[in-house]
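Here's the structure, in structure tokens; my notes come after.
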Amino acid sequence: MALKMRYLELNRKVRDARMLAIQGIAEAGSGHPGASFSAAEIMGVLYFHKMKHRPSDPLWEERDYFINSKAHSAPGFYAVLSIAGYIDSKEIKTLRKLGSRLQGHPVRYSERQKNHSFPGIEYSGGSEGIGLSVSIGIALAKKRDGEKNRIYTLIGDGESNEGQIWEAAMAASKFRLDNLVAILDRNMIQQDGFTEEIMPLDPVRDKWAAFNWNVVEVNGHKIEQIIDALSRIEKVEDKPSIIIANTTKGKGIKHMANNPQWHGKAPPKKHVPILLEELQSEILIAPSIIAGEPENYEEKVRRAERAGADLIHLDIMDGKFVPTTSFFADTIKHLRKISSIPFDAHLMIEKPVNHVEDYIDAGCDIVTVHVEACNEMEFVEINKMLLKAGISPGIAINPGTPFPSWLIEHLDNIDVMIIMSVNPGFAGQKFIPESLDKMAGTVKILKSNNYKGFIEADGGIDATTLQQVFDAGARIMVAGNAVYGSPDINSNIIQLKHKANVAIETKLLELATINDMRSDWIKSRKNMLIPLARELGIEEDLHAIK
Ligand code: DX5
Ligand code: ZN
């Protein structure tokens with residue numbers, strides 16, 4: 001089922017929310033990065049994609065409600081609201097300041113509280129365990145008035161120690177509140193330790209099911225899974241629903257991830273430029289299923305997803321635009337049934353304007369056409385169709401094709417640009433080294449024109465070339481032969497992810513060195529750098545720190 005989520009734009013907005021939140025917390029010198037980051041995709045999906053709401057009319061009668069009961073995630077919450085258009089993102093720098101509207105824990109907006117809050121905040125949080133009860137009041141009232149508003153409530157797993165949560169759980173199922181969706185940010189950590197040590201919550205699924213709730217479990221950082229769960233829940237009647245979102249506290253910054261120390265602590269302000277670089281450096285791995293043994297696409301998709309691939313790259317070849325023929329929309333339609341992993345369709349076909357509808361119907365999440373296969377007018381038409389269908393539009397450029405200046409005008413509507421590093425038509429070709437300069441040159445043009453989308457590298461990407469294209473600006477890595485060229489797909493993907501990690505850490509280290517804080521940075525990140533010491537050449541640095 002196509003999720004119509006404009007995947008890459010949504011992904012970028014969630015990343016931007018993390019970047020804003022960490023700037024606010026560092027500026028304030030206090031705040032909660034852990035929760036702001038573990039709930040980033042949850043809050044992002046709700047405000048950027050799912051909920052009916054109007055930043056220009058925050059009290060719109062038909063709006064859906066978001067009750068943030070896990071109130072210490074405030075910096076992340078404010079960041080999402082600012083990207084959604086409720087406040088100027090500059091205001092994040094006033095977080096926790098006296099007289100700021102962005103208090104440490106959100107304050108429900110009212111005329112009386114206008115100096116400590118802003119329109120759009122529905123609930124005053126702080127002491128936890130209460131938000132679900134407030135949500136029940138709203139849900140019950142709306143249901144009794146025959147209104148269609150939906151109520152989404154974010155709760156925490158530490159917060160679930162509160163008895164009131166379970167009173168509310170009973171009441172919600174008693175009143176059959178199928179307009180109420182709770183989302184549990186299951187990051188397994190609370191204030192000063194791990195939930196299962198402090199107050200075991202598992203088997204959490206069984207608990208909620210026993211309270212007669214509809215229970216769904218997802219990876220809380222996979223936006224496609226959250227969106228899929230939210231749309232399935234809408235069909236559930238006479239029962240409230242809960243999404244158990246398995247998340248990582250501090251996700252996004254490696255030394256904060258899964259680390260209770262970063263529950264309520266701010267990073268030093270001088271680290272912010274490096275932290276922002278880290279957040280913009282996330283690498284997505286997209287295995288190309290035409291590589292390796294012929295066909296057997298279902299198995300290839302399943303194994304790649306299991307091994308942690310972020311996207312599936314689908315090379316559509318018509319035997320005309322390129323000499324070979326691969327598969328078409330009907331095959332994709334079939335594959336769409338077996339997985340919600342985002343599909344990255346690369347159309348190497350003539351006249352894509354005549355065929356793009358098929359790939360929209362087939363359930364692709366990203367559709368990229370070649371600049372050599374369409375003129376500006378056709379591209380604009382294709383782009384319109386994709387955006388209308390909630391699909392991320394992309395454009396691909398072959399090694400021999402100069403960057404077409406007419407693209408500049410359309411950059412806001414392009415979510416990904418594939419800079420080919422082989423001539424299209426086959427997997428398993430040798431990487432063309434000259435494409436690195438081409439990529440770096442293109443990135444320069446794009447940056448100077450405020451391009452916000454992604455750069456995708458496609459062709460000959462493997463453990464030896466990944467760092468080079470990363471340094472040239474690519475953040476989505478297509479890998480055909482490197483993943484399916486040998487039987488152990490799982491370790492092939494793990495090795496690529498490892499190389500991606502080394503590439504990112506090398507870049508952050510360079511930045512720390514340039515900013516004269518190399519040892520301080522290594523010290524703050526010591527635990528996760530030790531395993532990479534030899535590859536990063538920092539054995540001596542680590543030794544000196546001891
Ligand atoms: C080539 C395709 C690529 C190719 C990648 O025309 O667009 O996606 O399948 O395979 P490798 O990584 O093996 O070059
Ligand atoms: Zn491709």
Side-chain angles (χ1 to χ4, degrees), residues 6-49 72-97 100 102 220-221 223 247-257 259 262 264-284 310 412 415-416 443 446-447 450-455 470 473-476 500 504-505 507-508 510-512 515 517 521 524-525:
R6 203 174 163 186
Y7 174 77
L8 290 176
E9 189 203 37
L10 194 45
N11 194 298
R12 174 177 56 78
K13 284 183 173 176
V14 171
R15 179 200 68 198
D16 293 353
R18 283 192 169 92
M19 290 168 69
L20 273 180
I22 205 68
Q23 289 173 73
I25 294 169
E27 187 68 33
S30 66
H32 299 82
S36 296
F37 285 11
S38 58
E41 277 80 8
I42 297 165
M43 296 192 281
V45 162
L46 288 172
Y47 275 94
F48 305 145
H49 176 80
H72 61 272
S73 63
F77 179 40
Y78 296 144
V80 164
L81 286 173
S82 81
I83 292 168
Y86 285 87
I87 53 169
D88 186 312
S89 58
K90 292 195 201 68
E91 209 172 335
I92 203 89
K93 290 275 174 80
T94 72
L95 179 74
R96 288 177 166 246
K97 298 249 180 333
S100 164
L102 283 60
H221 297 302
I223 48 183
T247 57
T248 301
K249 194 152 193 155
K251 159 106 176 156
I253 303 285
K254 290 208 187 68
H255 61 273
M256 294 183 182
N259 186 342
W262 289 97
K265 184 170 85 171
K269 261 168 94 173
K270 63 182 180 184
H271 281 183
V272 169
I274 312 178
L275 300 177
L276 295 179
E277 188 60 47
E278 178 172 8
L279 291 167
Q280 289 174 84
S281 295
E282 188 194 4
I283 291 175
L284 303 178
D310 304 287
D412 282 353
D415 287 352
V416 63
V443 168
L446 296 175
K447 272 204 176 128
N450 200 23
Y451 174 64
K452 296 193 191 73
F454 290 78
I455 298 289
F470 170 77
R475 294 293 177 266
I476 302 178
I504 295 169
E505 293 307 327
K507 185 168 186 110
L508 302 181
E510 274 162 19
L511 209 53
N515 290 295
M517 57 176 126
W521 173 252
S524 70
R525 217 164 162 87

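- Residues A84 and F48 approach most closely at N-CE2, 3.8 Å, considering heavy atoms.
- Under the 3.5 Å distance criterion, the side-chain polar atoms of D88 are matched with a main-chain donor or acceptor of K90.
- Contact between A26 and V272 at its shortest, heavy atoms only, is CB-CG2, 3.3 Å.
- When all heavy atoms are compared, the tightest approach of K249 to A35 is CE-N, 4.0 Å.
- Of all non-hydrogen atoms in L20 and S82, the two that sit nearest each other are CD1-OG, 3.2 Å.
- R475 places a side-chain N or O within donor-acceptor distance of the main-chain N or O of Q280, the cut-off being under 3.5 Å.
- Inter-residue side-chain proximity for H255 and W262 is flagged as met; some heavy-atom pair is nearer than 4.5 Å.
- Between E41 and the options K13, K251, R18, a salt bridge (Lys or Arg N to Asp or Glu O under 4.0 Å) holds for only R18.
- Of the possible polar contacts, none joining the Q23 side chain to the I92 backbone as a donor-acceptor pair under 3.5 Å is found.
- Scanning both residues, L8 and F454, for their nearest heavy atoms gives O-CE1, 3.5 Å.
- To the nearest 0.5 angstrom, L276 atom CG is 5.0 Å from M19 atom CE.
- Distance CG/L511 to CE/M517: 7.5 Å, rounded to 0.5 Å.
- Summarising the geometry, atom NZ belonging to K254 is positioned 5.0 Å from atom CD belonging to E278; distances are rounded to the nearest 0.5 Å.
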Would T248 and F37 count as a side-chain contact (heavy atoms from CB on, under 4.5 Å) here? Give the steps. CA-CA 8 Å; T248 301; F37 285 11; over 6 Å; no
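- F77 and Y47 have tilted rings, their planes meeting at an angle from 30° to 60° on a 0 to 90° scale.
- Here I283 contributes atom CD1 and D310 contributes atom CG; the two are 10.0 Å apart, rounded to the nearest 0.5 Å.
- Note: K270 NZ to W521 CH2 = 11.5 Å, rounded to the nearest 0.5 Å.
- P267 places a side-chain heavy atom less than 4.5 Å from the side chain of I25.
- In this structure, S36 contributes its side chain and G76 its backbone to a donor-acceptor pair below 3.5 Å.
- Atom NZ of K507 is surrounded by more than 12 heavy atoms from other residues, nucleotides or ligands within 6.0 Å.
- Scored by the side chain to side chain contact (heavy atoms under 4.5 Å, CB included) test, A474 finds M439, I455, A457, V469, M477 as partners (sequence neighbours excluded).
- Across E282 and N11, no two heavy atoms sit closer than the pair OE1-OD1, 4.4 Å.
- Between K452 and D16 the shortest side-chain heavy-atom distance does not fall below 4.5 Å.
- Side-chain atoms of T94 do not come within 3.5 Å of backbone N or O of S100 as any donor-acceptor pair.
- The line from CG of L275 to CD1 of I253 is 4.5 Å long, rounded to the nearest 0.5 Å.
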